[in-house]
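Quick notes on the structure that follows.
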There are 2 protein chains.
Amino acid sequence: MRMGEGVEWGLHCCLVLAWLEDEAPLSTGRLAALFELPPVYLKKRLQALVRAGILTSVPGAQGGFKLARPPARITLMDVVAAVEGPDEAFRCTEIRRRGAGAEAPAREFAHACGVAAAMRRADLAWRRELAAQTVADLMAAAPANAPDRARRHYARLRG
Amino acid sequence: MRMGEGVEWGLHCCLVLAWLEDEAPLSTGRLAALFELPPVYLKKRLQALVRAGILTSVPGAQGGFKLARPPARITLMDVVAAVEGPDEAFRCTEIRRRGAGAEAPAREFAHACGVAAAMRRADLAWRRELAAQTVADLMAAAPANAPDRARRHYARLRG
DNA sequence: GACAAACTACTCGGATAGCATCTGTCCGAGTTAACGAGG
DNA sequence: CCTCGTTAACTCGGACAGATGCTATCCGAGTAGTTTGTC
């Protein structure tokens with residue numbers, strides 16, 4: 001059970017986009033250069049964030065990406081769901097109905113499987129924790145000089 | 001980010017092993033027949049539970065698997081970690097050090113990356129919820145006649 | 001100098017390989033229980 | 001009746017294909033800003 005690296009990329013990109021909001025929009029190439037990431041593949045991931053309504057894309061020359069709403073209103077849950085998909089990790093295949101369960105009365109399956117319910121409880125706790133943290137919180141936790149460093153590095157890319 | 005079906009299989013098998021404790025050990029074939037699962041692949045997953053110390057295997061004729069300790073002392077976290085591996089879903093690749101971060105002083109990386117810390121917080125909430133539930137809790141939540149049905153179905157397999 | 005057309009730079013979306021992991025199967029080695037032969 | 005060796009059933013561990021999803025790249029289509037050409 002492993003999470004793709006697109007989540008890490010997406011969150012760091014949201015952070016940079018929040019710091020360099022006045023430089024917006026930032027192109028894929030510049031954004032990729034800030035973290036030495038493969039530009040084309042990063043673009044694919046950013047497009048997922050656009051589809052989810054977290055970023056907006058500006059086409060044309062000097063185009064790029066910018067945040068669709070203030071950092072305080074972008075939760076980590078939003079980004080994870082956008083990149084990894086909305087469905088939960090555990091998928092119940094209802095094996096309780098197979099084999100020995102085949103002869104059980106149908107009403108016994110009216111309520112959810114106990115195993116699935118337990119896994120769902122854990123999944124909800126995970127989602128609740130992700131939804132409680134925003135990109136603004138990440139900005140507050142970052143080193144004080146990180147924004148300036150990103151801004152300088154970005155200016156060098158433009159020059 | 002999807003979890004393999006081995007977790008579902010493992011939990012249901014632990015449940016059956018707890019119900020039919022006096023019939024132990026249960027062979028892979030019989031256990032697989034109770035849920036109509038591919039026997040050989042199920043065995044591979046059960047071996048993972050043995051390596052984790054959740055089950056014990058009895059070799060030889062009339063051999064099979066049984067619980068290594070009482071159901072109340074087997075948490076869902078134990079089973080998930082045994083089947084899916086112990087490492088957490090989010091893996092920080094330290095992209096903060098690449099590109100713009102390359103010129104930052106080394107001491108800035110002494111504490112963990114904010115993004116990784118946030119994801120870790122959610123992961124811990126997930127693990128805490130899994131560790132708080134045991135196989136005994138699953139037994140209590142299951143339908144009252146499910147154990148008897150499993151026992152009858154199992155007796156038919158032996159006959 | 002003003003306007004329009006062509007041009008450039010960029011993004012979007014899909015199509016396409018390469019790779020890793022998950023799913024599933026097979027086989028040989030080792031272990032135990034049951035059975036049978038011999039004393 | 002007891003003992004020992006053989007047979008059978010089972011598990012363990014690893015080795016080996018197929019399927020699925022993730023990583024990564026490329027190309028054509030569309031859009032906005034810029035440049036060039038014409039009046």
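What you see is a predicted model, and the numbers here were worked out from it, not measured in a lab. Letters A, B, ... mirror the listed sequences (proteins, then strands); counts begin at 1.
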When the side chains of residues 136-143 of chain A are checked against the rest of the protein, which donor-acceptor pairs come out under 3.5 Å, sequence neighbours left out?
from, atom 1, to, atom 2, distance (Å)
A:D137, OD2, A:T134, N, 2.9
A:D137, OD2, A:T134, OG1, 3.4

Output the rounded distance in Å from [atom1] ([X]) to [atom2] ([N]).
X: B:L37; N: C:dC22; atom1: CG; atom2: C1'; answer: 16 Å
X: B:L26; N: D:dT11; atom1: CG; atom2: P; answer: 10 Å
X: A:L42; N: D:dC22; atom1: CG; atom2: P; answer: 17 Å
X: B:K43; N: D:dC12; atom1: NZ; atom2: P; answer: 7 Å
X: A:K44; N: D:dC27; atom1: NZ; atom2: P; answer: 15 Å
X: B:L46; N: D:dC12; atom1: CG; atom2: P; answer: 9 Å
X: B:M3; N: D:dG21; atom1: CE; atom2: P; answer: 17 Å
X: A:R2; N: C:dC19; atom1: CZ; atom2: C1'; answer: 12 Å

Nucleotide nearest [X] (side chain, heavy atoms from C-beta), chosen from [options]:
X: B:P38; options: C:dC27, D:dT25, C:dG24; result: C:dG24
X: A:S27; options: C:dC10, D:dA24, C:dC27; result: C:dC10
X: A:Q47; options: C:dG13, C:dT25, D:dT11; result: C:dG13

Run the side chain to side chain contact (heavy atoms under 4.5 Å, CB included) test against [X] and tell me which residues pass, sequence neighbours left out.
X: B:V50; value: B:L55, B:S57, B:F65
X: B:R51; value: B:Q47, B:A48
X: B:E94; value: B:C92, B:R96, B:R97
X: B:P39; value: B:A32

In numerical order, the residues of residues 4-11 of chain A whose heavy atoms come under 4.0 Å of DNA chain D are A:G4, A:E5, A:W9
Which residues in residues 49-58 of chain B have a heavy atom closer than 4.0 Å to any atom of DNA chain D? B:S57, B:V58
Which pairs would a plain distance check flag for residues 76-90 of chain B, meaning a side-chain donor or acceptor within less than 3.5 Å of a matching protein atom at least two apart in sequence or in another chain?
from, atom 1, to, atom 2, distance (Å)
B:D78, OD1, B:T75, OG1, 3.4
B:D78, OD2, B:R69, NH2, 3.1
B:D78, OD2, B:T75, N, 3.0
B:D78, OD2, B:T75, OG1, 3.1
B:E84, OE1, A:M1, N, 2.7
B:E84, OE2, B:G4, N, 3.0
B:E88, OE2, B:R120, NH1, 2.6

For A:D148, enumerate each residue passing the side-chain hydrogen bond (donor to acceptor under 3.5 Å, both in side chains) test, keeping only those at least two apart in sequence or located in another chain. none
A:R127 meets the salt bridge (Lys or Arg N to Asp or Glu O under 4.0 Å) criterion, sequence neighbours left out, with A:D123
Gap between atom OH of A:Y154 and atom CG of A:L31 - 0.5 Å precision: 8.5 Å
How long is the span from the CE atom in B:M3 to the CE atom in A:M119, to the nearest 0.5 Å?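 The CE atom of B:M3 sits 4.0 Å away from the CE atom of A:M119.
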Heavy atoms within less than 4.0 Å of DNA chain C: which residues of residues 85-100 of chain A have one? Give them sorted by number.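 Nothing qualifies; none.
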State whether the side chain of A:E5 and the backbone N or O of B:T93 hold a donor-acceptor pair below 3.5 Å, judged by distance alone.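 No.
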Between A:M1 and A:F65, who's closer to the 5' end of DNA chain C by nearest nucleotide?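 The residue whose closest nucleotide sits nearer the 5' end is A:F65.
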Is the phosphate of C:dT25, meaning OP1 or OP2, less than 4.0 Å from a side-chain N or O of B:Y41?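 It does not, given that no N or O in the side chain of B:Y41 lies less than 4.0 Å from OP1 or OP2 of C:dT25.
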Think A:R45 has a side-chain N or O under 4.0 angstrom from the OP1 or OP2 of D:dT23? yes
Given side chains that start at C-beta, do those of A:R151 and A:D22 come closer than 4.5 Å, heavy atoms only?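 SC-SC contact between A:R151 and A:D22 confirmed.
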Scan B:G64 against the nucleic acid and name what it touches under 4.0 Å (heavy atoms): base, sugar-phosphate only, or nothing. sugar-phosphate
Hey, is CD on A:E21 packed in by over 12 heavy atoms from elsewhere, all under 6.0 Å?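 For A:E21, atom CD is not crowded (no more than 12 foreign heavy atoms under 6.0 Å).
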Pair B:E108-A:R149, side chain to side chain contact (heavy atoms under 4.5 Å, CB included): steps then yes or no: CA-CA 12 Å; B:E108 199 166 302; A:R149 197 166 49 240; 2.6 Å; yes
Minimum heavy-atom distance B:A146-B:W19, with the two atoms named: CB-CH2, 3.7 Å
Heavy-atom contacts, protein to nucleotides 29-36 of chain C, under 4.0 Å, summarised as B (base), S (sugar-phosphate only) or - (none) per nt, yield --BBS---
